[in-house]
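Structure, as structure tokens:
Lettering of chains follows the sequences in order, A, B, ..., and the numbering in each one begins at 1.
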Number of protein chains: 2
Amino acid sequence: MSKKSTRVDVACQALRQAIIEQALPPGTKLPEDELGAQFRMSRTLVRAALAQLQSEGLVDAPPRRTATTAKPTLEEAREVFEVRRTLEREVVRLVIARWRPEFGAELEGHVRKEEAARKAGEARVSIRLAGEFHIKLGELAGNSLFRRYLGEVVSRCSLILALYGRPHSADCAVNEHREIVAALRSRNAEAAIELMDHHLGAVEHRALLDQDRDAQFDLGAVLSRYTETAETGNGSKIARLPRRKTRAAK
Amino acid sequence: MSKKSTRVDVACQALRQAIIEQALPPGTKLPEDELGAQFRMSRTLVRAALAQLQSEGLVDAPPRRTATTAKPTLEEAREVFEVRRTLEREVVRLVIARWRPEFGAELEGHVRKEEAARKAGEARVSIRLAGEFHIKLGELAGNSLFRRYLGEVVSRCSLILALYGRPHSADCAVNEHREIVAALRSRNAEAAIELMDHHLGAVEHRALLDQDRDAQFDLGAVLSRYTETAETGNGSKIARLPRRKTRAAK
DNA sequence: GGGTGTAATTCTGTATACAGGATTTTACTA
DNA sequence: TAGTAAAATCCTGTATACAGAATTACACCC
């Protein structure tokens, strides 16, 4: 489960993760050159990655201006949550319909991880795991398109939380997850849907007051944490920002 | 409602339409050079268009082989229909919730167009209008993400029909559309959902026996019908297939 | 001091070059 | 004649060049 990614996917994945974990706050500029230098690839590939992320709603890339991490409006946020509720309800139904005992173990294992991260105060990890719980459900539903759409809205929700939510509020849901798992295990569709709806309502509710923590920070530094390239694979054909010097060290 | 498209979008749109109308049967090769010559743009842009269409599930583009119009498996087809049912049910609810009298007129107008096309035996147009009915509903739901996802699955369904359906069977649904409109107009959500489910069940059911009508045909000829560029805008920087001669006239 | 027009700079849009893969053709062997 | 290896060709992966749009910096004026 590793060798199938193209170079574009690698960049995509790194950026996606960075955005989801709110390491790149909404509105952050993403200049093609700089990303290219970071990922050791040409603008051609960076561009493809950005296009992909734009189609997922994680990046804004208006014609002829620098792409940025998306800043969804409140209206868009509402839409995303609306779709998400619809998808997750159906996913719950599907998962229950094809329930197998392994599912319970799998999900409970995950919730335990969430719990651990939460206790350890690992905000970044908590956020990621919280999202992955829903993704995992999507996978158990056995429909790859559901899975894809769900992945998309879940990512976008992380972004929305980053933009509108109170800081560090995305990860208070471990208990709710646990209850959902219990309902699934007892194959009680009604209860599970009810819980899921409530859970998502709570998540959405956390999207409230805004606040501009727009502090300047170093794009390269953040991204390097998400680039899994084994160190500076030098000898690469791509020079370090051949076209201009990075402005990060301003 | 015309000047907002980038060049990539133009190509995308043309290809999408051609695929949806089944003018480019599943499995048709789409070499970047040839498309570039057709659309008067470089491979760079063609590539972006193909990537987009791949993400919509209309094109298969495995690494280092020529892209083709997608050939979904039966399993994938099942998945698409499953998601589609979920989305459309919710759309029906939303449309009813925000119902306004204009909606009725709008939809009925559309159904009349479908009827007309059907009578005129315009298969191509019929297929397009049948899809657009659902798109229109998606628009009335007032959620652009629903709209986008719905558009995607509807397109894919056209493709699936092209692959698995009996020829010319995609457009027998005018009456069903009419009934749905009636139910919406009376704001009877239960009935409307019931009808929609039944309708989609019927559409899905038409996806049955396969059949290989794979006859050779001329890619350029088909595409030129979908390229709205005002004639050969010669003087263009792009030569006609500079790298090799077209094989179409084989 | 705050506009504002213009020059400099940054950055995107797009074509194109070149290096391999993938495929097809050709040629040769059993 | 079928099978296969080598060669030719088609086609994609990717970097890069260059043109022009957007943005920023500056100088000038009121």
Legend entry - Spacing of A/Arg7 atom CZ relative to D/dT12 atom C1', expressed in whole Å: 14 Å

Legend entry - Length of the CZ-P vector between A/Arg40 and D/dT14, whole Å: 17 Å

Inset, instruction - Determine, for B/Glu152 against A/Arg148, whether the closest basic-nitrogen to carboxylate-oxygen distance falls under 4.0 angstrom. - result: yes

Legend entry - Atom pair distance, as rounded to whole Å: CG in A/Asp33 and P in C/dT10: 11 Å

Inset, instruction - Mind calculating the distance between CG (B/Leu45) and C1' (C/dA15) to the nearest angstrom? - result: 8 Å

Legend entry - Test: B/Glu75 and B/Arg78 ion pair at under 4.0 Å: yes

Legend entry - Protein-nucleotide distance (B/Phe39, atom CZ; C/dT14, atom P), rounded to Å: 15 Å

Legend entry - Any A/Thr66 side-chain N or O less than 4.0 Å from OP1/OP2 of C/dT12: yes

Legend entry - Nucleotide of C/dT14, D/dA15, C/dT12 approaching A/Glu32 most closely (side-chain heavy atoms): C/dT12

Legend entry - Pairing residues for B/Phe146 by the ring-ring contact (aromatic ring centres under 6.0 Å, His included) criterion, not counting sequence neighbours: none

Legend entry - Euclidean distance, atom CE of residue A/Met41 to atom P of D/dA15 [Å, nearest integer]: 8 Å

Please enumerate all protein N or O atoms sitting under 3.5 Å from an N or O of nucleotides 21-23 of chain D, with distances to 0.1 Å.
residue: D/dT23; atom: OP1; partner: A/Arg65; partner atom: NE; Å: 3.4
residue: D/dT23; atom: OP2; partner: A/Arg65; partner atom: NH2; Å: 3.4

Inset, instruction - Have a look at A/Thr44 and say if it touches a base, only the backbone sugar-phosphate, or nothing, with a 4.0 Å heavy-atom cut-off. - result: base

Legend entry - Geometric class of the A/Phe133/A/His110 ring pair [parallel <30°, tilted 30-60°, perpendicular >60°]: tilted

Inset, instruction - Any chance you could measure B/Ser144, atom OG, to B/Leu150, atom CG, to the nearest 0.5 Å? - result: 12.5 Å

Inset, instruction - May I have all residue pairs that pass salt bridge (Lys or Arg N to Asp or Glu O under 4.0 Å) and include part of residues 10-28 of chain B, sequence neighbours excluded? - result: B/Arg16-B/Glu56, B/Glu21-B/Arg128

